[in-house]
Peer 1: 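Take this structure, written in structure tokens, and hold onto it; I'll ask about it next.
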Amino acid sequence: MPTYRAPRGTRDLLPDERAAFRRLETIASMLARRYGYREIETPMFEDAAVFERGVGAVTDVVEKELFRIARRTEEGDSWALRPEPTAGIVRAYIEHGMQTWPQPVKLTMTGPMFRHDRPQAGRFRQFWQFDIEAIGDPGPAIDAEIIELGRAFYRLAGLDDVEVLLNSIGDAACRPAYIKTLIAYFEPHAAELPALERERLHKNPMRLLDSKDPAMAELNAAAPRISDLLCEPCRIHFAAVREHLEALGITYRIEPGLVRGLDYYTRTAFEFFVPGREGGQQALGGGGRYDGLVELLGGHPTPGIGFGLGLDRIVIALEARAGEARQELEGAPVAVVVGADPAATAVRLKVATDLRAAGIAARADLGRRKLGKQLESAARDRAHFVVIIGDELADGNVQLKDLDAGSQQLVALADLARKLVSGERSHRHGGGDA
RNA sequence: GUGGCCUUAGCUCAAUCGGCAGAGCAGCGGAUUGUGGUUCCGCAGGUUACGGGUUCGAUUCCCGUAGGCCACCCCA
């Protein structure tokens, strides 16, 4: 027998970690609703062309990291697992004629994304994102609203010190000119550029700006900044986004090296960083405006903006916080039904089933072990109560034992559910336990 | 995709110079009749990631593969 394991770059979310994800999903869903975003669910795979066009054919995400699904002979389509949510959502916007809905259309989705990258801590081939998209609003106010929404999410999740990095990358009117300026600036230094950067000089020159190569630091510091060369509409838009952020009390850092090197990305670009984590994988989430994307995928020209926040990385950042090692109590049963007669599993199962029907989280000890072991197991499950079935059942009674208090009382089977409901309530409010 | 470090029980880790692979935790059972998280005793759990090589003998040394981690790359 070979021993199987989860594919490279994927992992099983065991109950404790799944609970941490569930908590983030709950916060995301609550916040999205509060801000007026409705949930959408798109397929986890699409026609590969949706990503090739929607994400950009010359990006790493598509060129190197796309999970392509081998086509079946009887079907001509070529599919790929979604590497990010925006392209699929915009495809759905167009397909379902959402331009006839009241604009902007505000959508949210949380789910797994797939990229065939080399795995590393905080970098997985299947990872989860909380995504927000507002399609049909040119901004600038909504840009600030969305950034504030991201900050609010991190704050509720337990990360207060997330930094906002902000930039404007211009639009179709001013970016081409900027790129020419940039190439003209780097060209005389082409010989001194690291090989990788030299290669990118003509293909995707804006990428040089976020290079971490120390050899680039000096050159980049003096490089022309797009923020100085924005066209008038972009300049006004950027200034307005900043005004709105300041009105909301959001602190941010202008980061000229923050780049989205894709044609349809426009104007506002932002990322969320957790400070103190040097090196890679410190980007918790990011987003930006994509005023060209709807048209690129075949719709009418429509502005849009959104973000994707990596759930995996939030969980990691949370775990790194000292003292965050609180254990999840969820999943503990309120009551465990045990019995003096190890063989009498049918009675225990029946009593537990009736309690569940009454809405109580109960389990029966279905093992054939002696009472002491059953109690021990219940206590280790952190159950609040045990119901002990014994001879008193002949009179219609059971023993109800409060494990925390150590007290015990004789209770009529008919009253058991009611007693447990009120007992659980006093446990929750009576506190002491946490 | 490139380079480096690592991989022993479910988990965290031992094993001297190359000489019979161990502990703690977790699990299960028991400690004179139906009362718990402690304690004590016991049981189970391993092709030492996988495949080769060197050697009388490999967890240990060498090579390859897989997986993890770190840096690059990319990004979430």
Side-chain angles (χ1 to χ4, degrees), chain A residues 1-12 14 16 55 59-66 82-86 110-131 150 194-197 199-200 204 207 210-214 258-262 271-274 278-287 307-317 336 338-342 344 365 367-393 398-408:
Chain A
M1 264 299 269
T3 115
Y4 298 108
R5 50 182 162 185
R8 181 169 203 198
T10 71
R11 64 230 168 94
D12 302 306
L14 270 25
D16 277 346
V55 177
T59 57
D60 280 14
V61 167
V62 165
E63 268 183 333
K64 310 199 302 210
E65 299 170 7
L66 204 58
R82 63 184 184 200
E84 57 88 49
T86 309
T110 298
M113 306 296 151
F114 307 85
R115 292 184 200 176
H116 192 106
D117 203 355
R118 182 154 167 177
Q120 211 166 306
R123 189 166 80 183
F124 306 99
R125 288 181 173 178
Q126 176 177 342
F127 58 98
W128 274 257
Q129 271 193 11
F130 163 39
D131 186 70
L196 180 72
E197 317 297 348
E199 217 175 283
R200 287 209 282 227
N204 204 343
R207 288 248 88 101
D210 62 4
S211 168
K212 272 180 260 175
D213 195 316
L258 177 56
V259 151
R260 291 275 189 281
L262 314 180
E271 278 183 12
F272 297 103
F273 271 69
V274 58
E278 281 312 309
Q281 278 71 66
Q282 54 185 341
L284 286 177
F307 67 54
L309 310 187
L311 262 35
D312 310 71
R313 290 186 181 177
I314 297 172
V315 170
I316 289 169
V336 176
V338 303
D341 177 2
D365 196 313
R368 300 177 158 241
R369 50 187 174 182
K370 44 201 295 188
L371 182 61
K373 286 292 182 187
Q374 296 181 40
L375 284 167
E376 184 180 329
S377 161
R380 287 159 87 119
D381 268 4
R382 309 198 57 118
H384 288 156
F385 297 96
V386 287
V387 176
I388 303 169
I389 313 279
D391 297 336
E392 50 281 74
L393 188 63
V398 295
Q399 295 284 352
L400 177 60
K401 183 180 176 74
D402 183 325
L403 282 172
D404 295 333
S407 59
Q408 184 170 323

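Convention: sequence-line order gives letters A, B, ...; per-chain numbering from 1. Note that the structure is a prediction, hence the values are computed from the model and not measured.
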Peer 1: Applying the Watson-Crick and G-U wobble criteria at under 3.5 Å, what pairs with B:C40? Answer none if nothing qualifies.
Peer 2: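 By the stated definition (distances under 3.5 Å), B:G30 pairs with B:C40.
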Peer 1: How is A:Gln408 classified with respect to the nucleic acid when contacts are heavy atoms under 4.0 Å: base, sugar-phosphate, or nothing?
Peer 2: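 If one applies the 4.0 Å heavy-atom cut-off, A:Gln408 turns out to touch a base.
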Peer 1: Which one is paired to B:C56, where only Watson-Crick or G-U wobble pairs with both distances under 3.5 angstrom count?
Peer 2: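 Base-paired to B:G19.
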Peer 1: Name the nucleic acid region contacted by A:Gly308, choosing base, sugar-phosphate or nothing; use a 4.0 angstrom heavy-atom cut-off, strictly under.
Peer 2: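 It contacts sugar-phosphate atoms only.
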Peer 1: Starting at atom CG of A:Leu375, determine the distance to atom P of B:G29, rounded to an integer number of angstrom.
Peer 2: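 Interatomic distance, CG of A:Leu375 to P of B:G29: 13 Å.
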Peer 1: So A:Arg115, base contact, sugar-phosphate only, or nothing? Heavy-atom distance under 4.0 Å.
Peer 2: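 The residue A:Arg115 makes base contact.
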Peer 1: Report which part of the nucleic acid A:Glu392 touches: base, sugar-phosphate, or nothing (heavy-atom distance under 4.0 Å, all strands).
Peer 2: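 Base, at least one base heavy atom under 4.0 Å.
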Peer 1: Does B:G24 pair with anything, Watson-Crick or G-U wobble, both distances under 3.5 Å, and if so, with which nucleotide?
Peer 2: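 Result: B:C11.
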Peer 1: Rounded off to whole Å, could you give me the CZ-to-C1' distance for the A:Arg123 and B:G68 pair?
Peer 2: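 So the two atoms are 13 Å apart, to the nearest Å.
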Peer 1: Decide salt bridge (charged side-chain N to carboxylate O under 4.0 Å, His left out) for A:Arg82 and A:Asp131; before the verdict, give the C-alpha distance in whole Å, the side-chain angles of both, and the deciding distance to 0.1 Å.
Peer 2: CA-CA 13 Å; A:Arg82 63 184 184 200; A:Asp131 186 70; over 6 Å; no
Peer 1: What does A:Leu309 touch in the nucleic acid at a heavy-atom separation under 4.0 angstrom: a base, only the sugar-phosphate, or nothing?
Peer 2: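 Touches nothing.
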Peer 1: A:Gly367 near the nucleic acid: base, sugar-phosphate alone, or nothing, with a heavy-atom cut-off under 4.0 Å?
Peer 2: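 It contacts nothing in the nucleic acid.
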Peer 1: Touch check for A:Phe272, heavy atoms < 4.0 angstrom, all strands: base, sugar-phosphate only, or nothing?
Peer 2: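 The residue A:Phe272 makes no contact with any strand.
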Peer 1: Would one find a side-chain N or O of A:Arg8 under 4.0 angstrom from OP1 or OP2 of B:G68?
Peer 2: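 Yes, because at least one side-chain N or O of A:Arg8 sits under 4.0 Å from OP1 or OP2 of B:G68.
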Peer 1: What is the base-pairing partner of B:C5, counting Watson-Crick and G-U wobble geometry with both distances under 3.5 Å?
Peer 2: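 Checking every strand shown, B:C5 finds its partner in B:G68, with both distances under 3.5 Å.
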Peer 1: What is the nucleic acid contact for A:Lys370, judged by heavy atoms within less than 4.0 Å: base, sugar-phosphate only, or nothing?
Peer 2: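 Sugar-phosphate: the residue A:Lys370, judged by heavy atoms under 4.0 Å, touches backbone atoms but no base.
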Peer 1: Whom does B:U47 pair with, Watson-Crick or G-U wobble, provided both distances fall under 3.5 Å?
Peer 2: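 Paired with no nucleotide.
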Peer 1: Regarding A:Asp341, tell me which of base, sugar-phosphate or nothing describes its non-hydrogen contacts under 4.0 Å with the strands shown.
Peer 2: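 Result for A:Asp341 = nothing.
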Peer 1: For A:Arg382 and B:G37, is the shortest distance between a side-chain N/O and OP1 or OP2 below 4.0 Å?
Peer 2: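 Looking at the OP1 and OP2 atoms of B:G37, neither is under 4.0 Å from any side-chain N or O of A:Arg382.
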Peer 1: Verify the contact: side-chain N or O of A:Gln120 to OP1 or OP2 of B:A71, cut-off strictly under 4.0 Å; return yes or no.
Peer 2: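 Yes.
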Peer 1: To the nearest Å, give me how far apart CD (A:Gln374) and C1' (B:U35) are.
Peer 2: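 Nearest whole value for this atom pair: 11 Å.
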Peer 1: Once you apply a heavy-atom cut-off of 4.0 Å, does A:Gly406 come out as touching a base, just sugar-phosphate, or nothing?
Peer 2: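 Answer is base: heavy atoms of A:Gly406 come under 4.0 Å of a base.
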Peer 1: Give me the distance, rounded to whole Å, that separates B:G22 from B:G45 when you measure between the P atoms they each carry.
Peer 2: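 Those two atoms are separated by 14 Å.
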Peer 1: I need the CG-P distance between A:Leu371 and B:G36, as an integer number of Å.
Peer 2: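 Distance check: A:Leu371 CG to B:G36 P gives 8 Å.
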